[in-house]
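Just below is one structure, and these are the notes that go with it.
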Amino acid sequence: MRWLALALLTAWCAPSPLASAEEDRSTLPVGAAEVDITPEHPIRLSGYGNRATESEGVAQRIWAKALAIGEEPAVIITVENCGVPASMVRVVAARLKQKAGVPRERLVITATHTHSAPFVEGGIPFMFAQAPTPDQQERIERYTRRLTDQLVEVALAAIKNRRPGRLYWTQGRVDFAVNRRVVTDTRYQGFGEQPQGPVDHSLPVLVAKDLDDKPIAILANYACHCTTLTGAFNQICGDWAGYAQEYLEEDFPGAVGMIAIGCGADANPSPRGELEMCKQHGRALADEVKRLLSAEGDSLQALSPPLACRFEEIEIPLAELPPREEWERQAEQASAAGRRAQHFLKMLDEGKELPRSVRYPVGVWSFGDDLAMIFLGGEVVVDYAIRLKEQYDDDRLWIIAYANDVPCYIASKRILREGGYEADSSMIYYGQPTRLAPETEDIIVDAVERLMPDSF
């Protein structure tokens, strides 16, 4: 497997000259690469807490893919995993800075959030009611080290593979995402033609082409959980995003197909429950991309250099912490909540303070005045997309979530008022001691405002 992964990293293209001064101003160096990150051994899967055993085979191989843009490369990596934690992102960023001079603000690592991929160290700490056994933990740590190395390798391969090209973007629509919450606020009912709550059915697509107009990479983004497969499924699989990538590469031979996830933390695919449904949703997305990129579609907009990248880490305050008595009560439970409570009681007994805020990454990439891409960490609910698209020019805006860390669900003002899984009980699994503070949404939007160029 190791030799196969390395072969894939270098097979896309031989080293090519970068864009020269003679080239027109719309050209810039672009390169792509991909690596197979399927584990070579059984491993606990992330996403569903009910799985008590390690994986039982591979339904579909999973991948990490990278797109490198520009003379001073900016790199976006998509990873088929439930989430790439900040601890891994920091290691990858430091290595890429050392090996290729990539500044922190010019790196984005985003996860497809498939619930059928390996658990990684530093991810969702209290996913399971019982901690992994020592043997299971060793395999988790081994896979985490290997994945970290592979993310560096795939980024370096994409940088090496750069050749003169052009970037284009367009926006389509697919409709298999359905809001999974029942909302009481009538302002949000019916948004996106879903009566039970808001959804974002937009499908932004970025395509990098060489000077012969052949696609080098295609990146598409959709706001929906990768939960077509449920907790009863215990095999490795990329879910709908994995099949969408697969079909894109079949439809556009030689191109690297990449999928990112938007503000869909409160949206599930519909229908769901069967492997064939993953293929159905993946095919629907790939077909829309194929339509958009066809000559008849004529919807592609060229993106003009330069690419400006900005990045900031902010602190999101947490709400009031529970008293010790509450942790003592929960610690008696044989559950994820019990494990979390035992952890916090141990901290208190050692004289340590419990967390009072969440470290949160925000990034913005802008292509001249043509397009601004916003990168938000965590499981971001759809209300953020609604607000940001109202605040900025929707025709020039792209929002990617699960980017650079997944510290928890990022609930909006509305969801914090309503409560429920996204606001409250999900924080158990992420090891946060309580819900986010009511001002969270405004703090995040203010950070985006600081990073967004004035022209948007």
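The figures here come from the full heavy-atom set of this structure, side chains too, leaving out hydrogens, waters and symmetry mates. This one's a predicted model, so the numbers in the text were calculated from it and none came from an experiment.
- Taking CD of Glu332 as the start and CD of Gln342 as the end, the distance is 10.0 Å to the nearest 0.5 Å.
- Rounded to the nearest 0.5 Å, atoms CD (Gln60) and CG (Leu275) are 8.0 Å apart.
- Aromatic rings from Phe367 and Trp169 are positioned such that their centres are separated by 6.0 Å or more.
- Of the possible donor and acceptor atoms, one in the side chain of Thr114 sits under 3.5 Å from a partner among the backbone N and O of Cys237.
- Taking a 6.0 Å sphere around NZ of Lys290, one finds it holds 12 or fewer heavy atoms contributed by other residues, nucleotides or ligands.
- In this structure, Trp398 contributes its side chain and Phe375 its backbone to no donor-acceptor pair below 3.5 Å.
- Of all the heavy atoms in Val362 and Ala447, the pair that sits closest is CG2-CB, 4.2 Å.
- Taking 4.5 Å as the limit, some side-chain heavy atom of Cys224 sits within range of a side-chain heavy atom of Trp240.
- Between Leu371 atom CG and Asp395 atom CG the span is 11.0 Å, to the nearest 0.5 Å.
- Counting all heavy atoms, side chain and backbone alike, Gly378 lies closest to Ala401 at O-CB, 3.9 Å.
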Practice problem: Please report the C-alpha distance between Asp36 and Trp63 in whole Å, then the side-chain angles of each, then the deciding distance to 0.1 Å, and finally whether the side chain to side chain contact (heavy atoms under 4.5 Å, CB included) criterion is met. | Solution: CA-CA 5 Å; Asp36 188 334; Trp63 301 81; 3.7 Å; yes

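- In summary, the side chains of Glu80 and Gln245 do present a donor paired with an acceptor at a separation below 3.5 Å, with no hydrogens or angles considered.
- For residues 432-452, the set of pairs meeting the ring-ring contact (aromatic ring centres under 6.0 Å, His included) definition, not counting sequence neighbours, is empty.
- A donor-acceptor contact shorter than 3.5 Å links the side chain of Thr38 to the backbone of Ile62.
- Between Arg90 and Asp405 there is no salt bridge, since no side-chain nitrogen of the basic residue lies less than 4.0 Å from a carboxylate oxygen of the acidic one.
- The minimum heavy-atom distance between Ala158 and Ala33, with the atom names listed, is N-CB, 3.7 Å.
- In the displayed structure, Glu312 atom CD is contacted under 6.0 Å by more than 12 heavy atoms of other residues, nucleotides or ligands.
- The shortest distance between side-chain heavy atoms of Ile236 and Arg61 does not fall below 4.5 Å.
- The CG atom of Leu318 sits 6.0 Å away from the CG atom of Leu436 when rounded to the nearest 0.5 Å.
- Residues satisfying the salt bridge (charged side-chain N to carboxylate O under 4.0 Å, His left out) criterion with Glu56, sequence neighbours excluded, are absent altogether.
- Across Pro39 and Arg146, no two heavy atoms sit closer than the pair CA-NH1, 4.1 Å.
- The pair Arg387-Glu390 does not count as a salt bridge, with every side-chain nitrogen at least 4.0 angstrom from each carboxylate oxygen.
- Rounding to the nearest 0.5 Å gives a distance of 6.5 Å between CG of Leu203 and CG of Leu292.
- A pairwise comparison of heavy atoms in Leu151 and Ile77 identifies O-CD1, 3.7 Å as the closest pair.
- The stretch residues 241-267 participates, sequence neighbours left out, in no ring-ring contact (aromatic ring centres under 6.0 Å, His included) pair at all.
- Between the side chain of Arg51 and the backbone N or O of Phe233, at least one donor-acceptor pair lies under 3.5 Å.
- The closest donor-acceptor contact from the side chain of His201 to the backbone of Ala177 lies under 3.5 Å.
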Under 3.5 Å, which donor-acceptor pairs link side chains of residues 257-270 to any protein atom two or more places apart or in another chain?
unit_1 : atom_1 : unit_2 : atom_2 : d
Asp266 : OD1    : Val382 : N      : 3.2
Asp266 : OD2    : Asn179 : ND2    : 3.4
Asn268 : OD1    : Thr227 : OG1    : 2.8

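- A ring-centre distance under 6.0 Å is found for Tyr222 and Phe176.
- With Arg104 contributing its side chain and Ala93 its backbone, the two residues share no donor-acceptor pair below 3.5 Å.
- The ring-ring contact (aromatic ring centres under 6.0 Å, His included) analysis of residues 409-436, with sequence neighbours excluded, yields the pairs Tyr409-Tyr421.
- Around CD of Glu439, the count of heavy atoms belonging to other residues, nucleotides or ligands within 6.0 Å exceeds 12.
- Nearest heavy-atom pair across Tyr360 and Val380 is OH-CG2, 3.9 Å.
- Asp287 has a carboxylate O that lies under 4.0 Å from a charged side-chain N of Arg283, or vice versa, which qualifies the two as a salt bridge.
- Side-chain N or O atoms of Asp239 include none that pairs as donor or acceptor with a backbone N or O of Cys278 at under 3.5 Å.
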Exercise. Apply side chain to side chain contact (heavy atoms under 4.5 Å, CB included) to the pair Asp200 and Ile386, showing each step before the final yes or no.
Key: CA-CA 8 Å; Asp200 182 2; Ile386 295 172; over 6 Å; no

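- Between Lys413 and Glu441 there is no salt bridge, since no side-chain N of the basic residue sits under 4.0 Å from a carboxylate O of the acidic one.
- Checked by atom type and distance alone, the side chain of His281 never pairs as donor or acceptor with a backbone atom of Lys279 at under 3.5 Å.
- The local environment of CD in Glu250 is crowded, with over 12 non-hydrogen atoms from other residues, nucleotides or ligands closer than 6.0 Å.
- Under the 3.5 Å distance criterion, with hydrogens and angles disregarded, a donor-acceptor pair is assigned to the side chains of Glu379 and Tyr402.
- Put simply, the side chain of Asp446 does not reach to within 4.5 Å of the side chain of Val448, judged on heavy atoms.
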Quiz prompt | CA sep, side-chain torsions, deciding dist, call: Val84, Val406, side chain to side chain contact (heavy atoms under 4.5 Å, CB included) | solution = CA-CA 7 Å; Val84 179; Val406 185; over 6 Å; no

List the atom pairs, donor and acceptor, that lie under 3.5 Å between side-chain atoms in residues 120-128 and the rest of the protein, sequence neighbours left out.
unit_1 : atom_1 : unit_2 : atom_2 : d
Glu121 : OE1    : Gln137 : NE2    : 2.6

Exercise. Take Glu249 and Lys65 through the salt bridge (charged side-chain N to carboxylate O under 4.0 Å, His left out) test and state the conclusion after the steps.
Key: CA-CA 12 Å; Glu249 295 187 357; Lys65 309 189 179 190; 2.8 Å; yes

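- Under 4.0 Å is where a charged nitrogen must lie from a carboxylate oxygen, and between Arg166 and Asp213 no such pair does.
- Under a cut-off of 6.0 angstrom, the local environment of CZ in Arg359 is crowded, with over 12 non-hydrogen atoms contributed by other residues, nucleotides or ligands.
- The CD atom of Glu153 lies 10.5 Å from the OG1 atom of Thr148; values are rounded to the nearest 0.5 Å.
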Quiz prompt | Ile37 and Val154: CA distance, side-chain angles, deciding distance, side chain to side chain contact (heavy atoms under 4.5 Å, CB included) verdict | solution = CA-CA 11 Å; Ile37 60 171; Val154 77; over 6 Å; no

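- With hydrogens and angles ignored, the 3.5 Å screen pairs no side-chain donor or acceptor of Asn221 with any backbone N or O of Ile400.
- No side-chain donor-acceptor contact under 3.5 Å links Arg310 to the backbone of Ser366.
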Practice problem: Output, in order, the C-alpha distance, side-chain angles, deciding distance and verdict of side-chain hydrogen bond (donor to acceptor under 3.5 Å, both in side chains) for Glu449 and Gln391. | Solution: CA-CA 10 Å; Glu449 176 74 18; Gln391 184 164 331; 3.1 Å; yes

